[in-house]
Amino acid sequence: MGEWQATSQFCAVYSIVGVLFMFMVAMMLTYQPELIAGFDDYEAATKNTYGAMTFFFVTFVASIVYLIKESVFGTDDRTRQSGIEYEGIGSNSGSAIMEEYAMNLDLPPSIHAGYST
């Protein structure tokens with residue numbers, strides 16, 4: 001899994017938790033404002049809570065759209081770091097065991113420098 005996919009999954013989960021929390025706070029401000037002290041204007045606080053909930057929901061939708069886009073139109077990572085395509089390796093063997101496995105066959109430049117004569 002790529003770095004952006006993991007970040008998108010984290011944002012999706014975090015956003016759902018944020019939506020639920022903001023919904024709970026909005027309901028408390030609407031129906032039981034006496035339980036939350038320190039606000040001068042409860043209507044403005046409720047409006048801001050709904051705004052934050054909307055922002056969390058938009059973030060959730062953007063994360064899900066990115067994850068769907070990557071799963072449907074994902075890139076084929078069949079090139080080495082040097083830009084040369086892997087030779088002799090099938091694109092998909094159909095094995096579910098090795099789907100998430102990736103291997104870098106390039107040696108770092110320091111190894112090449114140490115073994116050249």
Side-chain angles (χ1 to χ4, degrees):
M1 175 183 311
E3 179 181 335
W4 288 106
Q5 286 178 331
T7 302
S8 186
Q9 284 181 349
F10 173 79
C11 286
V13 171
Y14 188 82
S15 296
I16 285 297
V17 172
V19 165
L20 294 175
F21 180 74
M22 288 293 120
F23 180 74
M24 181 190 72
V25 171
M27 291 299 104
M28 288 180 68
L29 285 171
T30 302
Y31 296 112
Q32 297 177 331
E34 65 274 358
L35 295 177
I36 301 178
F39 290 109
D40 294 330
D41 188 5
Y42 284 100
E43 284 185 28
T46 305
K47 182 179 174 184
N48 291 337
T49 304
Y50 282 119
M53 187 170 58
T54 303
F55 180 73
F56 276 120
F57 184 74
V58 168
T59 304
F60 173 75
V61 169
S63 299
I64 295 301
V65 166
Y66 177 79
L67 289 172
I68 291 172
K69 181 187 82 74
E70 280 299 309
S71 68
V72 173
F73 303 110
T75 59
D76 188 17
D77 294 335
R78 295 183 36 77
T79 56
R80 299 179 183 191
Q81 289 179 350
S82 60
I84 301 170
E85 187 171 330
Y86 288 118
E87 300 167 2
I89 300 174
S91 62
N92 189 1
S93 63
S95 173
I97 296 171
M98 300 295 282
E99 278 185 7
E100 294 291 325
Y101 184 73
M103 194 162 97
N104 181 6
L105 300 175
D106 290 334
L107 295 174
S110 61
I111 300 292
H112 286 292
Y115 286 109
S116 63
T117 56

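We count residues from 1, following the sequence as given.
- Both F39 and V25 sit in one connected hydrophobic cluster of ILVMFWY residues. Membership requires side-chain heavy atoms under 4.5 Å apart, directly or through other members.
- Following chains of ILVMFWY side-chain contacts shorter than 4.5 Å, one can reach F21 starting from F56, so the two form part of one hydrophobic cluster.
- Under the 4.5 Å side-chain heavy-atom criterion for ILVMFWY residues, no single connected hydrophobic cluster contains both V13 and F55.
- Between atom CE of residue M22 and atom CG of residue L20 there is a gap of 11.0 Å, rounded to the nearest 0.5 Å.
- Y66 and F10 sit in two unconnected hydrophobic clusters of ILVMFWY residues. Membership requires side-chain heavy atoms under 4.5 Å apart, directly or through other members.
- A pairwise comparison of heavy atoms in Y42 and I36 identifies OH-O, 2.8 Å as the closest pair.
- Within the 4.5 Å cutoff, the side chain of K47 has no heavy atoms near those of the Y50 side chain.
- Shortest non-hydrogen contact noted between T59 and S15 is CG2-OG, 3.3 Å.
- Between M28 and L35 the shortest heavy-atom distance is CE-CB, 4.2 Å.
- Between A12 and I64 the shortest heavy-atom distance is CB-CD1, 4.2 Å.
- Note: E34 CD to L29 CG = 10.5 Å, rounded to the nearest 0.5 Å.
- For the pair S8 (side chain) and W4 (backbone), a donor-acceptor distance under 3.5 Å is absent.
- Within the model, atoms OG1 of T30 and CD of E43 stand 9.5 Å from one another, a figure rounded to the nearest 0.5 Å.
- Residue V58 is not grouped with residue F60 when hydrophobic side chains (ILVMFWY) are merged at heavy-atom distances under 4.5 angstrom, including chains of intermediate members.
- Residue F57 holds its CZ atom at 7.5 Å from CD1 of I16, rounded to the nearest 0.5 Å.
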